[in-house]
Amino acid sequence: MRRRAEELHKCNDGEEVEVWGWVRNRRRHGRLVFIDLRDSTGVVQVAVKGGIADDESLEKASSIRKESAIKIRGYVVHDPRAPGGVEVRCTKLEVIGESLDDYPLRKGVGAKVLYDNRHLYIRSPKITALLKIRSNLIGAVHEHFRSKGFYEVDCPTIITAAVEGGATLFEVNYFGSRAYLTQSVQFYQEAAIYSLEKVYSVQPSFRAEKSRTTRHLTEFWHVEAELAFADLETLINTVEDLVHNVVIRTEELSEKELKILGRKIRTEEVEKPFFRIKYEEALGILREHGLDAEWGIDIGADEERIISSEFDRPVFLTHFPREVKAFYHRLDPTDRRVTLSADLLAPRGNGEIVGGGVRIHDYDELIERIREFQLDPNDYKWYIDLRRFGSVPHVGFGMGIERILKWIIDLPHVRAACLFPRTTTRIYP
RNA sequence: GGGCCCGUAGCUCAGAUGGUAGAGCGGCGGGCUGUUAACCCGUAGGUCGUGGGUUCGAGUCCCACCGGGCCCGCCA
């Protein structure tokens with residue numbers, strides 16, 4: 001009977017099993033060969049011994065290359081000398097798909113080799129664990145939104161006008177006319193709330209900015225949501241619930257994978273409530289740290305680090321000046337210098353993980369803000385049109401999957417959270 | 001767009017002050033029935049990223065380019 005690597009410790013001594021998988025490593029001792037056999041559930045040691053296995057199997061075990069796919073027939077033995085306390089004594093080894101060359105990855109290879117061989121590197125137990133955690137996290141996002149009455153919508157990724165600015169879009173030749181890859185599905189979701197009221201999506205966004213830091217990807221997975229009949233307070237509570245529940249749930253689902261990675265998700269970091277400070281208060285904190293924080297400055301990486309190091313839980317930064325936020329942010333009716341916006345900073349200098357705010361629902365205010373940013377209202381015709389037919393106050397936000405992962409499992413770079421990352425310098429494999 | 005750093009064997013790296021190259025791992029051959037990134041013995045493998053310059057002589061100094069990494073701006 002075929003067994004998975006992770007099931008073998010539950011088997012009785014002497015139980016006959018088949019294990020199918022890939023040769024992770026091999027150690028030869030003459031007529032005794034150890035194979036670390038890997039499948040999607042883990043790694044198990046196979047002992048191929050002369051006298052137990054037939055000579056053909058022993059010879060094959062002795063010469064087989066790393067990452068060859070093989071089928072082992074044998075019996076289970078609990079043996080303290082085996083890693084994990086259990087191994088399979090092989091009676092018959094069968095090759096399914098042999099490695100045709102020496103495997104290019106081994107201990108000690110550098111980041112470039114690993115990313116050049118990402119198609120192979122993702123087989124490693126650590127990357128396998130990481131991909132499972134990512135899958136658990138995205139599952140938790142869907143669980144959360146569905147339990148809160150949101151509908152999932154699927155929005156186009158080929159668009160004609162920018163959401164943020166103009167300079168950071170990837171251009172696409174669309175049958176001879178100019179189109180772009182989307183940076184955000186926000187505008188489409190804003191349309192969808194007039195049908196479904198509460199919507200969310202998980203899909204890729206594209207940013208062409210030539211940013212080369214450990215927090216940037218040119219293609220990243222974006223959780224976005226939009227809510228009708230909502231204000232800033234509702235937005236903040238919605239984001240707080242989402243981040244709290246998703247991190248807690250991911251930790252629950254990923255116990256085994258976290259052990260493999262040697263990581264611990266600090267669930268105490270997502271205890272509610274998160275901190276909430278206004279832009280103006282943030283300037284005060286910066287001044288206490290000796291910075292010349294004038295009204296109107298944007299909160300950059302250095303500033304974010306200072307602010308987030310003041311708190312041991314995530315911090316909402318709200319009420320940014322109108323000049324530093326995109327045109328669609330609603331101005332605060334009680335102080336028109338600022339927007340009703342909220343960014344969420346992760347602890348320990350992990351920076352912005354969520355950006356959101358109240359959207360402008362008033363027709364005239366939207367036109368005014370588009371002009372203020374020297375954009376052409378004709379580029380946003382249908383978006384503006386939404387304000388002409390039953391417009392309601394609404395809010396929305398975007399959250400970066402890879403940034404959440406980088407934060408909660410201490411990754412060195414957001415690209416480590418991707419199956420095949422896309423950065424300014426990497427589009428292959 | 002701005003700043004800093006790196007490129008030497010398949011991989012990870014060492015090669016002060018200029019004198020034409022080394023180690024470990026991996027590969028290959030041999031040995032080994034309890035290893036855990038196995039070990040032991042032997043062995044092959046490099047126009048030093050590319051192009052140009054300085055010099056009697058360049059892996060080493062200078063310039064340009066290519067490839068990669070980090071930080072900032074910008075963002076999730």
Side-chain angles (χ1 to χ4, degrees), chain A residues 24-36 43-53 58 61-63 65-66 77 79-85 87 89 101-117 124 162-169 183-186 202-224 239 243 297-305 324-326 343-346 349-356 396-407 412-415 417 423-426:
Chain A
R24 175 109 191 110
N25 199 10
R26 181 201 59 194
R27 294 172 291 281
R28 282 178 294 197
H29 301 254
R31 286 177 63 77
L32 167 62
V33 179
F34 293 106
I35 289 172
D36 296 331
V43 181
V44 66
Q45 174 166 284
V46 174
V48 188
K49 283 187 179 188
I52 297 173
L58 182 63
S62 191
S63 63
R65 277 195 258 246
K66 279 187 190 177
V77 176
D79 188 322
R81 294 171 298 184
E87 69 178 20
R89 301 272 163 84
D101 212 336
D102 294 320
Y103 197 61
L105 301 181
R106 56 186 67 91
K107 284 274 181 195
V109 297
K112 179 169 162 36
V113 179
L114 292 178
Y115 283 103
D116 285 345
N117 291 284
S124 77
V163 177
E164 305 288 346
T168 62
L169 288 156
Q183 303 168 299
S184 163
V185 297
Q186 177 191 325
V202 183
Q203 54 181 95
S205 286
F206 304 88
R207 303 282 165 95
E209 55 221 17
K210 285 191 179 149
S211 186
R212 294 184 49 160
T213 74
T214 55
R215 311 180 49 237
H216 278 84
L217 295 164
T218 50
E219 176 177 9
F220 70 96
W221 278 72
H222 209 173
V223 176
E224 291 181 88
V239 172
V243 172
I297 64 153
D298 201 359
I299 305 290
D302 291 343
E303 290 83 2
E304 277 183 1
R305 257 190 294 278
V324 303
K325 281 288 167 191
D343 288 353
L344 185 64
L345 305 187
N350 278 286
E352 190 177 342
I353 49 173
V354 177
F397 64 90
M399 178 173 93
I401 290 281
E402 293 84 2
R403 285 191 177 177
I404 296 276
L405 280 163
K406 177 179 182 289
W407 160 44
H413 195 299
V414 283
R415 68 182 170 213
T423 65
T424 55
T425 54
R426 187 168 293 284

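The figures here come from the full heavy-atom set of this structure, side chains too, leaving out hydrogens, waters and symmetry mates.
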Quiz item: Does the aromatic ring of Phe34(A) sit over the six-membered base ring of rA38(B), closer than 5.5 Å centre to centre and tilted less than 30°?
Solution: no

Exercise. Could you check whether Thr213(A) gets within reach of a base, just the sugar-phosphate, or nothing at all, counting any heavy atom under 4.0 Å?
Key: base

Quiz item: Which is true for Arg426(A) with a 4.0 Å heavy-atom rule: it touches a base, it touches only sugar-phosphate, or it touches nothing?
Solution: nothing

Exercise. Whole angstrom is fine here: how far is it from CZ in Arg26(A) over to C1' in rU35(B)?
Key: 13 Å

Quiz prompt | Heavy-atom side-chain proximity of Val243(A) to Met399(A) below 4.5 angstrom | solution = yes

Practice problem: Assign Thr214(A) to base, sugar-phosphate, or nothing according to its heavy-atom contacts below 4.0 angstrom with the strands shown. | Solution: sugar-phosphate

Quiz item: Taking His216(A) as the fixed residue, which of Thr218(A), Thr213(A), Thr214(A) is the one that meets the side chain to side chain donor-acceptor pair (under 3.5 Å) rule?
Solution: Thr213(A)

Practice problem: Please state the P separation for the pair rG1(B) and rG10(B) - nearest whole angstrom. | Solution: 35 Å

Practice problem: Kindly indicate whether the side chain of Arg28(A) and the base of rG29(B) share any N or O donor-acceptor pair separated by less than 3.5 Å? | Solution: no

Quiz item: Does the base of rG34(B) carry an N or O that pairs as donor and acceptor with the side chain of Glu87(A) under 3.5 Å?
Solution: yes

Practice problem: Find the runs of at least 3 consecutive base pairs, i with j, i+1 with j-1 and so on, that include RNA chain B, using Watson-Crick or G-U wobble geometry with both distances under 3.5 Å. | Solution: B:1-7 with B:66-72, B:10-13 with B:22-25, B:27-31 with B:39-43, B:49-53 with B:61-65

Exercise. Please identify each residue that fulfils side-chain contact (heavy atoms from CB on, under 4.5 Å) with Asp298(A), with sequence neighbours left out.
Key: Phe320(A), Val324(A)

Quiz item: Which residues satisfy the salt bridge (Lys or Arg N to Asp or Glu O under 4.0 Å) test with Arg28(A), sequence neighbours excluded?
Solution: none

Self-check item: rU35(B) pyrimidine/purine six-ring stacking with His29(A), under 5.5 Å and 30°
Solution: no

Quiz item: Side-chain donor or acceptor of Ser211(A) under 3.5 Å from a matching atom on the base of rG73(B)?
Solution: yes

Exercise. Rounded off to whole Å, could you give me the CD-to-P distance for the Gln186(A) and rC75(B) pair?
Key: 14 Å

Exercise. Identify, with sequence neighbours excluded, every residue that meets salt bridge (Lys or Arg N to Asp or Glu O under 4.0 Å) alongside Lys325(A).
Key: Asp343(A)

Self-check item: Arg403(A) side chain, from C-beta outward: closest of rA37(B), rG34(B), rA76(B)
Solution: rA76(B)

Quiz prompt | N/O donor-acceptor pair, side chain Arg27(A) with base rC32(B), under 3.5 angstrom | solution = no

Quiz item: Does the side chain of Arg212(A) get closer than 4.0 angstrom to OP1 or OP2 of rG69(B) through an N or O atom?
Solution: yes

Self-check item: Asn25(A): side chain to side chain donor-acceptor pair (under 3.5 Å) partners, not counting sequence neighbours
Solution: none

Quiz item: Between Gln45(A) and Arg81(A), do the side chains contain an N or O donor and an N or O acceptor separated by less than 3.5 Å?
Solution: no

Quiz item: Tell me, for nucleotides 5-14 of chain B in 5' to 3' order, what letter each nucleotide earns: B for a base near a protein heavy atom under 4.0 Å, S for only sugar-phosphate near one, - for neither?
Solution: -----BSS--

